[in-house]
Undergrad: 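Mind looking over this structure? Questions follow.
Both counts, for ligands and for their atoms, begin at 1 and track the order of listing.
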Amino acid sequence: MAFEKVCTLDDVWEGEMEVFTTSNGTEVLILGLDGGGIRAIQSICPHQEIELVEGEFDGKALTCKAHLWQFDVETGKGINPDDCAVAQYPVKIEGDDVLVDVTGIKPLKSHS
Ligand code: FES
């Protein structure tokens, strides 16, 4: 596997997020950061099987709707609790296309 297009910049504006599926069936949550920049992270919360896209995203931090765990989308690290993290996928922008590479990256799970 390598980088592949999952969406365009028009699909994810600043402060927005959306789930896209790669050709191998990996669900990737694409987020538009405040001030520009795109991040790609695992779509499922590391806590339990909840879709992160159903949570709240303020352009910097993503809050899971289930138990309000919060993640810094820029780094993938947990804000609260701070001993968790979400897997990040490398992102490449080509023109208006957003490409991700999910090779060898598995979603993280955390303590419950
Ligand atoms: S499932 Fe996301 S915080 Fe519990």
Undergrad: Hey, which N, O or S atom on His47 ends up closest to atom 4 (Fe) of ligand 1?
TA: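 Nearest N/O/S atom: ND1.
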Undergrad: If you count the atoms of ligand 1 from 1 in the order shown, which ones are under 4.0 Å from a heavy atom of Ile50?
TA: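 Checking each atom against Ile50, I get 1 (S).
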Undergrad: State plainly whether the residues Lys60 and Glu74 are in salt-bridge range, i.e. N to O under 4.0 Å.
TA: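 Salt bridge between Lys60 and Glu74, a charged N being under 4.0 Å from a carboxylate O: no.
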Undergrad: Within the 4.5 Å heavy-atom criterion, are Tyr89 and Thr26 side-chain neighbours or not?
TA: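 Side-chain contact under 4.5 Å: yes.
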Undergrad: Between Gly78, Cys64, Pro81, flag the one that comes closest to atom 2 (Fe) of ligand 1 by a heavy atom.
TA: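 Result: the heavy atom closest to atom 2 (Fe) of ligand 1 is in Cys64.
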Undergrad: Using a strict threshold of under 4.0 Å (side-chain N to carboxylate O), is an ion pair present between Lys5 and Asp97?
TA: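 Salt bridge between Asp97 and Lys5, a charged N being under 4.0 Å from a carboxylate O: yes.
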Undergrad: Give the atom name of whichever N/O/S atom in His67 sits closest to atom 4 (Fe) of ligand 1.
TA: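 Of the nitrogen, oxygen and sulfur atoms in His67, atom 4 (Fe) of ligand 1 lies nearest to ND1.
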Undergrad: Could you check whether the rings of His47 and His67 sit parallel, tilted or perpendicular, using 30° and 60° as the cut-offs?
TA: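 Rings of His47 and His67: perpendicular, as their planes differ by over 60°.
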Undergrad: Please report the closest heavy-atom contact between Leu108 and Ala87, naming both atoms and the distance.
TA: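 Closest heavy-atom pair between Leu108 and Ala87: CD1-N, 3.7 Å.
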Undergrad: Only heavy atoms of Trp69, strictly under 4.0 Å: list the atoms of ligand 1 that pass.
TA: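 Those qualifying, in numeric order: 3 (S).
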